[in-house]
Amino acid sequence: MDAPTPLPLTTVAVVGLGTMGTGIAEVLARAGREVIGIDISERAAAQAVTALESSTARAVRRERLTESERGDVLARFRTFTDLQAAADADLVIEVVPESYEIKQQIFRELDSVVRPDTIVATGTNALSVTRLAAESARPERVLGLHFFNPAPAMKLVEVVSSVLTAPTAVAAVTDLALALGKEPVAVGDRPGFVADGLLFGYLNQAATMYEAKYASREDIDAAMKLGCGLPMGPLALLDLIGVDTARTVLDAMYSESHDRLHAPAPILKQLSEAGLTGRKSGRGFYTYEEPGSAVVVRDALTPLEGGATAEGRPVRSVGVAGSGTMASGIAEVFAKAGYDVVLAARSEEKAEKAKSRIGTSLSRSVDKGRLTAEAAAETLARITPAGSYDSFADVDLAVEAVAEDLEVKQQLFAALDKVCKPGAILATTTSSLPVVACARATSRPRDVIGMHFFNPAPAMKLVEVVRTVLTTDDVHATVRDLCTRIRKHPVDCGDRAGFIVNALLFPYLNNAIKMVQEHYASLDDIDAAMKLGGGYPMGPFELLDVVGLDVSLAIERVLHREFRDPGLAPAPLLEHLVAAGCLGRKSGRGFREYARR
């Protein structure tokens with residue numbers, strides 16, 4: 001069979017001229033389309049014209065448009081307050097509020113206005129495209145066209161087909177998206193589609209974590225920005241999206257999935273009903289300078305800078321236990337900050353090899369101009385390799401970075417307890433095991449704390465500081481201060497599986513795997529959607545292959561065991577790949593295949 005011939009879409013009506021509708025209208029007009037903007041509010045229509053005038057004037061100042069081209073763009077955008085204006089459109093895109101009643105009314109009216117061959121697209125990100133199509137007179141011409149905010153800047157467009165959608169309609173809007181300079185991703189009809197389907201579950205968990213007082217809003221947001229390279233923290237993003245909008249999307253997702261991860265956190269309802277909907281109202285999780293402002297101002301929950309903390313302990317020398325990448329990275333970080341470091345491994349040879357790895361890392365920094373040769377030599381000279389933990393006798397802080405195995409760590413802590421002097425702080429870098437279980441292997445559990453560095457430790461700014469119920473205030477204060485001295489950003493969290501970052505990251509990764517497992521979307525489309533629509537530096541499958549599928553599976557099992565939530569059960573596809581030895585980049589094959597080095 002020949003491929004369907006796409007319909008030419010030269011005249012497009014945009015129904016609903018809020019922020020999203022205005023942005024879509026601008027994209028269309030600048031791409032040479034005739035745009036009919038429709039909104040029942042004359043004020044909204046006037047604001048849309050003003051917004052286009054302002055954005056095109058900026059483009060002229062930045063020499064991205066000529067004055068003549070600007071005049072053509074403005075001439076192509078006309079506004080109306082009556083749906084009858086859509087009569088000549090080849091495509092109608094509705095972006096009215098997320099309500100079946102409002103959207104269905106628009107669709108019913110359009111049935112009697114538009115031509116039989118006009119495509120009608122809904123901009124919904126939460127409601128069923130199939131349900132909207134089924135109640136239309138021409139369901140084969142109905143599909144979803146989900147742009148991301150701000151539409152002029154965001155590249156992703158999700159093209160959503162229902163079982164009723166004609167292939168010619170899909171082809172036509174896909175071609176249009178490409179002509180607009182966007183990257184279209186074809187997806188089926190389910191709440192949230194790909195990007196929001198993954199994003200909102202993560203945002204909801206962050207809200208739940210904050211509501212449980214597990215970590216402060218500032219620490220949750222800093223952890224996800226610094227630990228995952230995200231452009232915004234989840235709570236700040238909820239404020240930007242709108243707390244009420246997020247609640248609506250999650251309600252729709254939960255009604256379809258019945259997954260507890262999608263059940264809106266009660267705090268979303270409380271904030272919404274109090275009118276604290278985020279930036280647009282001037283207050284949500286944070287407080288803003290004024291409604292619509294992006295400037296966060298202090299409120300009663302803002303932590304005091306340099307606030308009173310307990311008196312810390314002096315730390316002059318540091319012991320690092322382990323010989324892997326994490327151990328050598330942590331040793332490099334402390335040595336660069338001026339601390340004397342003992343790097344101990346199970347043999348002198350392993351310790352020397354780890355120090356050699358640090359030398360290579362420092363040489364790279366010199367080559368890139370980030371460090372002088374003299375500073376690199378001084379840093380390396382501060383590191384003493386040792387083949388026994390007896391060398392930790394005089395250290396003020398001992399940090400373990402050995403295998404992520406509780407029995408191994410407990411044996412090490414029992415050994416450190418015997419070797420380290422009284423008052424020395426003992427820290428674990430575990431990312432998933434209970435810190436208190438390590439502490440209980442010693443006679444001094446009050447001196448034990450978690451310091452979860454991120455790989456590669458010299459580059460990553462975040463350290464999760466994990467207090468157990470037994471950790472003393474002065475140990476906590478010492479480690480917080482120490483993080484600042486080694487130029488890291490500390491975030492506080494309690495001793496539970498995943499801490500902040502992994503507890504929010506891995507359920508998101510697991511849900512991405514389920515999407516592929518259910519044949520909802522391809523690896524490439526999901527990765528593209530999260531990079532282009534969510535601002536993630538890597539797509540979920542790129543990240544899984546880098547982290548290692550075996551490591552990812554181990555963390556997901558720990559989260560499932562601790563929280564007992566069926567939605568956290570590792571996706572069978574992940575278990576099958578690990579069982580087959582497909583562990584990611586390190587094995588040459590994970591979700592994708594890699595050339596062996």
State whether the side chain of Thr22 and the backbone N or O of Thr19 hold a donor-acceptor pair below 3.5 Å, judged by distance alone. no
Is there a donor-acceptor pair closer than 3.5 Å between any side-chain N or O of Glu542 and the backbone N or O of Asp527? no
Polar side chain donor-acceptor pair, Thr81 to Glu42, under 3.5 angstrom: no
Does Ser281 reach the main-chain N or O of Gly275 with its side chain, forming a donor-acceptor pair under 3.5 Å? yes
Exactly one candidate in Asp474, Asp492, Asp473, Asp495 meets salt bridge (Lys or Arg N to Asp or Glu O under 4.0 Å) with Arg467; the answer is Asp473
I'd like to know if the side chain of Arg30 and the backbone of Ala25 have a donor-acceptor N/O pair within less than 3.5 Å. no
Min side-chain heavy-atom separation Ile93-Val12 under 4.5 Å: yes
So, Tyr100 side chain and Ser128 main chain: donor-acceptor pair closer than 3.5 Å or not? yes
Under 3.5 Å donor-acceptor pairs involving side-chain atoms of residues 445-457, not counting sequence neighbours:
{"from": "Asp447", "atom 1": "OD1", "to": "Arg313", "atom 2": "NH1", "distance (Å)": "3.2"}
{"from": "Asp447", "atom 1": "OD1", "to": "Arg313", "atom 2": "NH2", "distance (Å)": "2.9"}
{"from": "His452", "atom 1": "ND1", "to": "Glu464", "atom 2": "OE1", "distance (Å)": "2.7"}

Side-chain H-bond candidate by donor/acceptor type, Glu94 with Thr122, under 3.5 Å: yes
Is there a side chain to side chain donor-acceptor pair (under 3.5 Å) between Tyr254 and Asn204 once you walk through the steps? CA-CA 11 Å; Tyr254 181 71; Asn204 192 41; over 6 Å; no
Take Glu26 and Ser55 through the side chain to side chain donor-acceptor pair (under 3.5 Å) test and state the conclusion after the steps. CA-CA 9 Å; Glu26 177 181 341; Ser55 63; 3.1 Å; yes
Near Ile40 CD1, under 6.0 Å, is it more than 12 heavy atoms from other residues, nucleotides or ligands? no
Could you check Val185, Val159, Thr124 and say which one makes a side chain to side chain contact (heavy atoms under 4.5 Å, CB included) with Phe193? Thr124
Test item: Val516 and Ser522 side chains (from C-beta on) under 4.5 Å apart, heavy atoms: no
Would Leu482 and Leu397 count as a side-chain contact (heavy atoms from CB on, under 4.5 Å) if you check the C-alpha gap in whole Å, the side-chain angles of each, and the deciding distance to 0.1 Å? CA-CA 10 Å; Leu482 200 56; Leu397 167 70; 3.3 Å; yes
Is the shortest distance from a Lys or Arg side-chain nitrogen in Glu562 or Arg496 to a carboxylate oxygen in the other one below 4.0 Å? no
Donor-acceptor pair, Glu404 side chain versus Ser431 backbone, under 3.5 Å? yes
Quickly, which of Leu250, Val249, Val243, Asp251 forms a side chain to side chain contact (heavy atoms under 4.5 Å, CB included) with Arg247? Name it, please. Asp251
pair Met224-Met232: side-chain heavy atoms closer than 4.5 Å: no
Going by salt bridge (Lys or Arg N to Asp or Glu O under 4.0 Å), name the pairs with one or both residues in residues 291-300, residues two or more places apart or in two chains. Arg217-Asp299
Take Lys336 and Glu332 through the test salt bridge (Lys or Arg N to Asp or Glu O under 4.0 Å) and record every step on the way to the result. CA-CA 6 Å; Lys336 267 184 186 166; Glu332 178 181 333; 3.0 Å; yes
Trace of the salt bridge (Lys or Arg N to Asp or Glu O under 4.0 Å) decision for Arg279 with Asp239: CA-CA 5 Å; Arg279 283 193 192 181; Asp239 276 356; over 6 Å; no
Between Thr79 and Asp39, is any pair of side-chain heavy atoms under 4.5 Å apart? no
Any side-chain heavy atom of Ile220 within less than 4.5 Å of one from Pro234? yes
Parallel, tilted or perpendicular: rings of Tyr202 and Tyr508 (30°, 60°): tilted
List the steps and the verdict of side-chain contact (heavy atoms from CB on, under 4.5 Å) for Val297 and Tyr286. CA-CA 8 Å; Val297 296; Tyr286 293 91; over 6 Å; no
Hey, is the main chain of Met154 close enough, under 3.5 Å, to the side chain of Lys182 for a donor-acceptor pair? yes
Is Arg487 reaching over with its side chain to a backbone N or O of Thr484, donor-acceptor style, under 3.5 angstrom? no
Does the side chain of Thr471 pick up a donor-acceptor pair with the side chain of Thr468 at under 3.5 Å? yes
Test your reading of the model: is there a side-chain donor-acceptor pair from Glu158 to the backbone of Ala195, 3.5 Å cut-off? yes
Against the six-membered ring of Tyr520, is Arg190 placed for a cation-pi contact (under 6.0 Å from the centre, within 45° of the normal)? yes
Has Asp189 got a side-chain atom pairing as donor or acceptor with Val129's backbone, closer than 3.5 angstrom? yes
